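Small disclaimer: the values here were computed from a predicted structure and weren't measured. Both counts, for ligands and for their atoms, begin at 1 and track the order of listing.
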Amino acid sequence: MGFGIVELALVVVTIYLLYKAFNPYGFWKKLGVPDVVPDIPLIGNISMMLEAPNVFANKAYKTYPNERFYGVYTLWRPTLIVKDPDLVESILIKDFSHLYNRNNTSDIETNALSKHLVNYHDDKWKALRNKLTPTFSTGKLKGMHPQLVTCAESFVKYLGKFDRKDCVEVKDLCGRFSMDVIASCAFGLDLDIMNNPQSEFYKIGRSSFMPSYFLKIFFLLQPFLASVYKKLGMGMIPKSMMDFFVNAVDETLAYREKNNVQRPDFLHLLTELKKKDDDLVKKKELDPNDPVVFDHHSLVSNAFVFFAAGYETTATTLSYLLYELALNQDKQQILYDDITNVLEKHKGEYSFEAIAEMSYLEQAVSETLRMHSPAAAIDRKVTKDYQIPGTEIVVPAGVTVIVPTYGIHHDPQYFPEPEKFKPERFDPEKNDIAKGTFLPFGAGPRICIAARFARYEIKTCAALLLKTYKFHPCEKTQIPMEYDSRSFLLIAKNGVTLSLERRSTA
Ligand code: HEM
């Protein structure tokens with residue numbers, strides 16, 4: 001029997017009806033939410049996410065300029081884009097109990113480095129966050145201050161080899177500084193990567209952050225293909241890298257134990273957390289199989305996540321700060337005067353208190369984070385059906401929410417002349433920053449746990465660098481800045497290249 005026009009029509013109608021019945025792209029319309037339906041079914045809006053993070057966040061922010069929120073689709077899954085600062089505040093802070101988690105999935109049992117804060121969800125996350133929060137108290141940060149100064153001094157010294165006419169790629173050097181700090185504070189290793197970039201720790205650590213479309217797509221597809229990845233034994237972190245970090249921690253722990261070494265660093269604090277839970281398990285007050293037990297796996301994983309979450313973000317911000325100061329010499333002068341005045345009061349010592357007093361430096365770091373926020377967007381997952389405040393719309397559990405931070409940070413409504421570097425916006429006396437508009441570290445209970453540490457680290461290094469050197473643009477400086485589309489973070493496409501001049505007063 002031949003395949004005639006009637007059969008063909010039947011097939012077409014059946015496909016059409018199936019498409020209509022299961023078409024995921026009607027989700028937002030049904031809820032009465034304005035949406036962007038993808039041009040190519042299935043691929044959804046994912047192509048937008050393959051652009052540079054600022055381009056994605058800007059587009060996400062500028063679509064539907066008069067709406068507080070709207071819907072898109074990631075492949076076939078509905079995603080809510082939220083733009084209104086009041087709603088952002090509700091989602092991240094007030095209504096947190098409806099949006100506990102981020103959209104990542106992870107295989108905690110089989111990955112040696114995955115039992116950490118970023119991966120944890122729900123109550124397990126809360127228990128772990130409560131355990132780790134004291135690690136970042138002012139007292140603990142103060143204890144790590146000497147290590148930060150040592151790493152910054154090494155950076156200052158290293159720059160001494162360059163001439164005024166040299167174009168120096170400072171992003172890589174900021175990366176070495178940031179890695180020195182993490183190696184020292186989280187892994188207990190004094191590597192002086194600034195002078196030893198061939199160190200394995202730097203090579204392996206850096207390679208995990210090399211921007212790549214493959215990794216980006218792999219990560220974007222993770223929520224959809226988690227079980228396939230698991231079956232194929234595929235993970236974001238190669239086995240060799242896992243082994244490397246686990247060994248690094250184990251060797252330091254063994255050395256400390258043997259030589260009775262105690263240092264006021266993250267590794268020590270994580271070791272103390274483990275000891276506490278070991279004792280509870282011994283006393284049978286804690287079940288060793290309870291997922292919240294802080295065991296060896298947790299210790300290594302959290303040392304690792306401090307590296308994974310802290311290395312590139314901090315290095316990038318420090319390099320953009322130097323970049324903006326080089327392009328804005330008047331601001332660099334104000335900052336230099338601020339640093340000099342405070343140091344005079346503190347007898348020239350870069351103490352913890354002196355760094356805290358450098359108020360213009362604090363403002364300059366905030367302005368850098370506003371302009372070049374390493375995380376251009378923040379995400380959450382609806383964990384309990386959520387009625388959007390001021391509407392009848394109920395977003396069901398499972399939907400992803402995206403806050404396009406970069407777009408908000410560059411909206412002239414909240415930050416007039418957004419492309420200009422103006423640290424004065426953050427003058428605490430002016431109190432000019434509207435709620436829900438400045439989110440470089442996220443907000444609410446899931447805000448970056450190390451925000452104060454990161455600011456402190458950047459300020460300490462910047463104070464030492466700027467007291468000694470004046471930064472200038474050179475012929476290789478990229479103006480305006482261009483970002484790498486292969487990365488999730490706002491990384492400079494061609495590095496950050498500047499020249500520098502030793503100050504006569506240094
Ligand atoms: C300038 C530097 C940094 C920036 C801009 C930054 C930014 C962020 C952002 C945007 C988030 C997500 C917050 C949210 O979802 O609301 C985050 C989370 C996190 N960050 Fe940072 N970060 C920085 C440095 C660091 C450092 C140095 C560390 C570790 C020493 C760190 C550890 C973490 C961790 C563990 C989380 C997950 C928190 C949780 O899920 O409870 N970050 N960070």
Side-chain angles (χ1 to χ4, degrees), residues 53 57 82 88-89 91-93 96 99-104 106 113-122 124-133 135-136 140-141 144 147-148 151 174-175 177-187 265-267 269-270 298 301-321 365-381 400-406 408-409 436 438-462 488-491:
V82 174
V88 169
E89 285 257 309
I91 283 176
L92 297 179
I93 305 171
F96 180 72
L99 300 110
Y100 239 74
N101 304 326
R102 296 198 196 87
N103 192 32
N104 58 327
S106 131
L113 295 176
S114 64
K115 214 175 159 191
H116 58 66
L117 205 55
V118 175
N119 278 345
Y120 267 28
H121 290 159
D122 308 310
K124 282 187 221 158
W125 164 78
K126 198 173 174 185
L128 183 58
R129 176 97 188 192
N130 285 340
K131 280 185 187 171
L132 290 174
T133 297
T135 310
F136 294 90
K140 304 286 178 352
L141 295 192
M144 287 181 243
Q147 293 170 59
L148 296 192
C151 297
C174 293
F177 163 76
S178 164
M179 194 84 89
D180 261 335
V181 170
I182 307 250
S184 170
C185 294
F187 291 85
D265 56 17
F266 288 130
L267 190 60
L269 298 166
L270 297 177
S298 316
S301 301
N302 284 291
F304 172 75
V305 87
F306 291 168
F307 154 75
Y311 157 62
E312 187 66 65
T313 44
T314 309
T316 281
T317 307
L318 180 59
S319 66
Y320 290 141
L321 173 64
V365 171
S366 293
E367 178 66 341
T368 305
L369 285 165
R370 178 193 69 79
M371 292 180 79
H372 309 278
S373 183
I378 300 167
D379 73 291
R380 289 286 184 276
K381 196 160 190 166
T400 301
V401 175
I402 290 185
V403 178
T405 318
Y406 187 92
I408 301 177
H409 284 186
F438 182 56
L439 305 156
F441 293 104
R446 205 135 196 180
I447 192 171
C448 174
I449 195 170
R452 278 185 340 117
F453 175 78
R455 277 181 176 276
Y456 211 80
E457 179 185 345
I458 292 163
K459 287 195 298 176
T460 303
C461 186
F488 278 108
L489 294 175
L490 215 57
I491 295 180

For R446, the atoms of ligand 1 under 4.0 Å from one of its heavy atoms are 13 (C), 14 (C), 15 (O), 16 (O), 39 (C), 40 (O), 41 (O)
for atom 6 (C) of ligand 1, nearest protein heavy atom and its distance come out as F441 CD2, 3.6 Å
Side-chain contact test, heavy atoms from C-beta onward, threshold under 4.5 Å: evaluate it for S373 versus L439 and give yes or no.
-> no
Specify the closest pair of heavy atoms between R446 and R380, including all atoms of both residues, with the distance to one decimal.
-> CB-NH2, 3.5 Å
What part of A443, side chain, backbone, both or neither, has a heavy atom within less than 4.0 angstrom of ligand 1?
-> backbone
Among protein heavy atoms, which sits nearest to atom 35 (C) of ligand 1, and what does the distance come to when rounded to 0.1 Å?
-> I449 CG2, 3.7 Å
closest protein heavy atom to atom 28 (C) of ligand 1 is A450 CB, 3.3 Å
Decide yes or no for Q147 and C185: does some side-chain heavy atom of the first lie under 4.5 Å from some side-chain heavy atom of the second?
-> yes
Within 6.0 Å of NZ in K381, more than 12 heavy atoms from elsewhere = yes
Report the residue from T313, L369, I378 that forms a side chain to side chain contact (heavy atoms under 4.5 Å, CB included) with P440.
-> L369
Can you check whether F187 and F304 have ring centres sitting under 6.0 Å from each other?
-> no
Of the side chain and backbone of R455, name the one, both, or neither that has a heavy atom under 4.0 Å from an atom of ligand 1.
-> neither
For H116, is the nearest heavy atom under 4.0 Å from an atom of ligand 1?
-> no
Record the part of T313 in heavy-atom contact with ligand 1 below 4.0 Å; permitted values are side chain, backbone, both and neither.
-> both
Under the side chain to side chain contact (heavy atoms under 4.5 Å, CB included) rule, what do I93 and V88 come out as? Steps first, then yes or no, please.
-> CA-CA 8 Å; I93 305 171; V88 169; over 6 Å; no
For W125, the ligand 1 atoms with a heavy-atom partner under 4.0 Å come out as 39 (C), 40 (O), 41 (O)
What protein heavy atom sits nearest atom 7 (C) of ligand 1, and how far away is it?
-> P440 O, 3.5 Å
In the protein, what heavy atom is nearest to atom 42 (N) of ligand 1, and what distance, to one decimal place, separates them?
-> C448 SG, 3.1 Å
For ligand 1, which atoms have a heavy atom of P374 less than 4.0 angstrom away?
-> 5 (C)
Sub-4.5 Å side-chain heavy-atom contact between F438 and R370 = yes
Can you list the atoms of ligand 1 that are under 4.0 Å from a heavy atom of A375?
-> 10 (C)
Criterion side chain to side chain contact (heavy atoms under 4.5 Å, CB included) on K140 and T135, from CA distance to verdict | CA-CA 6 Å; K140 304 286 178 352; T135 310; 5.8 Å; no
protein heavy-atom neighbour closest to atom 33 (C) of ligand 1 works out as A309 CB, 3.5 Å
Numbering the atoms of ligand 1 from 1, which are under 4.0 Å from a heavy atom of G442?
-> 10 (C), 13 (C), 14 (C), 16 (O)
Do T317 and R455 have a side chain donor and acceptor closer than 3.5 Å?
-> no
Ligand-side contact atoms (ligand 1) for residue partner T317, heavy atom cut-off under 4.0 Å = 1 (C)
Check the pair F136, Y456 against ring pair (Phe, Tyr, Trp, His ring centres under 6.0 Å), reporting the backbone distance first and the verdict last.
-> CA-CA 11 Å; F136 294 90; Y456 211 80; over 10 Å; no
Rounded to the nearest 0.5 Å, the NZ atom of K115 sits from the CG atom of N302 at a distance of 9.5 Å
Within 4.0 Å of some non-hydrogen atom of R129, the atoms of ligand 1 are 38 (C), 39 (C), 41 (O)
Nearest heavy atoms of G310 and S178, plus distance in Å = O-OG, 3.8 Å
Classify the contact between L117 and ligand 1 as side chain, backbone, both or neither, using a heavy-atom distance cut-off of under 4.0 Å.
-> both
Considering heavy atoms of the protein only, find what lies nearest to atom 37 (C) of ligand 1 and give residue, atom and distance to 0.1 Å.
-> V118 CG2, 3.6 Å
Protein residue, atom and distance nearest to atom 12 (C) of ligand 1, heavy-atom basis | R102 NH2, 3.7 Å
Atoms in ligand 1 with a heavy atom of A454 nearer than 4.0 Å = 2 (C), 24 (C)
